[in-house]
Amino acid sequence: MFGRRRLPGRTDEQLLLMREAGLLVARTLDLLSTEIRPGVTTLDLDRVAEDFIRSHGGIPNFQLVPGYAHTLCTSVNEEVVHGIPGGRVLRDGDLLSIDCGAEVRGWNGDAAFSVVVGGPDVARPEDRDLIAATEASLWAGMAAMRVGGRLYAVGDAVEASISAAAARDGREYGIVEDYVGHGIGPKMHLDPQIPNYAVRDAGPKLVDGFTGAIEPMITLGSTETRVLDDDWTVVTSDGSRACHFEHTVAVRASGLWVLTALDGGEALLEAAGAAYAPIAA
Ligand code: MG
Ligand code: MG
């Protein structure tokens, strides 16, 4: 049972290696954010990401997932996650989610963000609200992690954050339950799973050096999803738009270190209620 099994804790040396992988993912996503514009295809973005990761000594770790040949997942509008880069031309107002991972010297990072193509000015108001609510729920979920606390506090915090945003925005948001966060380290996907919603169990106890990928997927409607005939692309069952944010985070006795954030989480952790706790290289 997950609840009884002790989670792994990474050493400082291992966390520094994971920071290298995380920073490469962060820089890749930062670069992509400048490349997203109307007229660009999702495959164009994938090539930019692969070139950047490989030229900086990393391996696109999504390509290590059996059956998957790309560096990114690019999910547009009603696509939630696992969209395959291809010839789709992005248009003003599309809600694009980009998920990216890299392995560096045997350690992994995994992160995602969502944005409206063409910028906030061309975004539907509900998409702007959805993006803000989803990103805030990611930081709330991470901020619920502390050594000696319980892992599934993450889901409680994501759900509470989404409920508060729904009340504030006057909208109904759906938390996708079919896909969840996960442990990460020497491989991108490790046990345990980390739900984005409240569950009965408290989950395993968090230990110093635990590393997880927290990744809320929120919709403007249904919590239900289905997989398209390409066997990868996950879409909302009601066609409502979806949003996805993810970070790889390390839990330390003194606080958190967001390994896939450019600044390690320095700017946003404290506002979310957690201390910023990097390791000096
Ligand atoms: Mg991911
Ligand atoms: Mg992930």
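Along the sequence shown, residues carry numbers from 1. Counting convention: from 1, in listed order, for ligands and their atoms alike.
Heavy atoms of other residues, nucleotides or ligands lying less than 6.0 angstrom from CZ of Arg124 number more than 12. Crowding of Glu172 atom CD: a count of heavy atoms from other residues, nucleotides or ligands under 6.0 Å not exceeding 12. Within 6.0 Å of CZ on Arg226 lie no more than 12 heavy atoms contributed by other residues, nucleotides or ligands.
Looking at Glu215, its N, O or S atom nearest to the Mg ion (ligand 2) turns out to be OE2. Closest to the Mg ion (ligand 2) among the N, O or S atoms of Glu246 is OE2. For the Mg ion (ligand 1), the nearest N, O or S atom contributed by Asp99 is named OD1. Taking the Mg ion (ligand 1) as reference, Asp110 places its N/O/S atom OD1 nearest.
Formation of a donor-acceptor pair under 3.5 Å by the Thr71 side chain with backbone atoms of Ala49 is not found in this model.
Inclusion of His182 in the first shell of the Mg ion (ligand 2) is supported: an N, O or S atom falls under 2.8 Å.
Here the two rings, on His82 and Tyr179, have centers that are under 6.0 Å apart.
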